[in-house]
Peer 1: 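The structure is given below, and queries will be raised subsequently.
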Amino acid sequence: MKKVQDSSIAGERSVTGEFEILNQYGIHARPAALFVKTASKFSCEILVEKEDTIVSGKSIMGLLTLEGSKGSTLKITARGTDAEEALEALRTLMENKFYED
Amino acid sequence: MNLKKALTKDTISLDIKSSSKEEVIEEMIDILVSAGKIKDRKSALNVVIEREKKMSTGMQNGIAIPHGKTDTVETLVAALGVKSEGIDFDSIDGKPSTIFIMTISPANRTGPHIQFLAEISRLLNDPATRQKVLTAQSKEEVVDTLQL
């Protein structure tokens, strides 16, 4: 389920992971808000991609536009000094189904 | 398509009078009651308030999306309210909420709700669209802006 790539371009840490949406109702308002709350704890840039649509991981409305339903996959890229910690926190959140169900 | 079906001129208010979170939720519920979209006012109000207790639906950039699920509606119904001065809705970014999108949908089906949220988010994610909704002089202008 998890594919993590590490790269370092011009000294900037960048990590990418792909995570399946496991919670029953997908990315509705509450999971999107929790995602943003978690992402916003970090200074790095966070991008979330699904089927060619890329949005900021710090925008609730952005995340809602992805229509992420259970079983679909989000590709998350974090870029910046705390990128690894951010990706790890978001992985934990998604693996724990946003603490719902 | 969900958006066009659910959001109509009679469920839009550019003149939200309330100045608190609880009041604005009641006012929006009443818009849906007046439009004949909600028959059981009490249960609709209850589910929205209960949902709001779990975590505020005040999002970012002045958008709030109070919603709830109840089997007292047969299909998703929606209302849009504007209060340009803003209301403290306990939003994620701490900013006052100015555009309120309320949805009430059947308890057993989440698909239409998620789809509606995606549709309205695609529109209101654009700062220019938000500005047009906020400064609209008529409901027709909102309908045109959102291409309902």
Side-chain angles (χ1 to χ4, degrees), chain A residues 19-76 86 89-90 92-94 96-101, chain B residues 1-3 47-48 50-69 76 78 89-95 97-130 133 146:
Chain A
F19 309 105
E20 187 183 343
I21 297 169
L22 300 172
N23 59 312
Q24 190 181 350
Y25 299 124
I27 307 293
H28 58 96
R30 189 175 162 278
L34 282 173
F35 193 105
V36 168
K37 275 189 177 181
T38 303
S40 300
K41 288 178 192 162
F42 302 93
S43 65
C44 60
E45 181 190 21
I46 296 171
L47 296 173
V48 183
E49 182 176 349
K50 178 177 167 272
E51 290 156 14
D52 299 331
T53 305
I54 303 177
V55 300
S56 165
K58 297 183 181 182
S59 162
I60 299 171
M61 299 299 268
L63 289 170
L64 290 177
T65 66
L66 296 178
E67 256 180 278
S69 53
K70 185 183 181 184
S72 55
T73 298
L74 300 183
K75 182 178 172 184
I76 304 173
L90 293 169
T92 304
L93 183 66
M94 290 191 66
N96 285 290
K97 303 180 180 180
F98 299 90
Y99 305 99
E100 65 178 20
D101 290 356
Chain B
M1 292 316 278
N2 253 313
L3 186 65
V47 291
V48 174
E50 284 307 308
R51 166 59 185 85
E52 213 59 41
K53 280 182 191 162
K54 287 185 198 161
M55 181 187 270
S56 177
T57 61
M59 300 288 165
Q60 297 158 313
N61 303 314
I63 310 283
I65 52 169
H67 59 270
K69 297 193 193 91
L76 181 145
F89 215 80
D90 192 23
S91 64
I92 300 264
D93 66 359
K95 291 183 189 161
S97 300
T98 51
I99 301 176
F100 304 88
I101 311 287
M102 175 177 277
T103 64
I104 309 288
S105 51
N108 56 338
R109 296 182 62 211
T110 53
H113 173 64
I114 306 263
Q115 198 192 344
F116 180 92
L117 281 182
E119 284 183 46
I120 197 79
S121 299
R122 274 179 211 122
L123 293 165
L124 294 179
N125 226 356
D126 173 27
T129 304
R130 285 200 297 274
V133 171
L146 300 181

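Here is how names work: the chains are called A, B, and so on, in the same order as the sequence lines, proteins then strands, and each is numbered from 1. Quick caveat: nothing in here was measured; it's all calculated off a predicted structure.
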Peer 1: What is the distance from atom NZ of K37(A) to atom CD1 of I92(B), rounded to the nearest 0.5 Å?
Peer 2: 4.5 Å
Peer 1: Nearest 0.5 Å, what's the CG-OG1 distance between N125(B) and T65(A)?
Peer 2: 6.0 Å
Peer 1: Among I63(B), I120(B), L117(B), exactly one meets side-chain contact (heavy atoms from CB on, under 4.5 Å) together with L64(A). Which residue is that?
Peer 2: L117(B)
Peer 1: Looking at S69(A), S59(A), A33(A), which one has more heavy-atom pairs under 4.5 Å with chain B than the rest?
Peer 2: S59(A)
Peer 1: Could you tell me which non-hydrogen atom of L124(B) sits nearest to which non-hydrogen atom of M61(A), and how far apart they are?
Peer 2: CB-CE, 4.1 Å
Peer 1: What part of V36(A) gets within 4.5 angstrom of chain B, counting heavy atoms only: side chain, backbone, both, or neither?
Peer 2: side chain
Peer 1: Residue by residue, scan residues 98-108 of chain B and write down, ordered by number, those that have a heavy-atom distance under 4.5 Å to chain A; if none do, write 'none'.
Peer 2: none
Peer 1: So which part of I114(B) gets closer than 4.5 Å to some heavy atom of chain A, the side chain, the backbone, both or neither?
Peer 2: both
Peer 1: With a 4.5 Å cut-off on heavy-atom pairs, point out which of M59(B), Q60(B), M55(B) contacts chain A the most.
Peer 2: Q60(B)
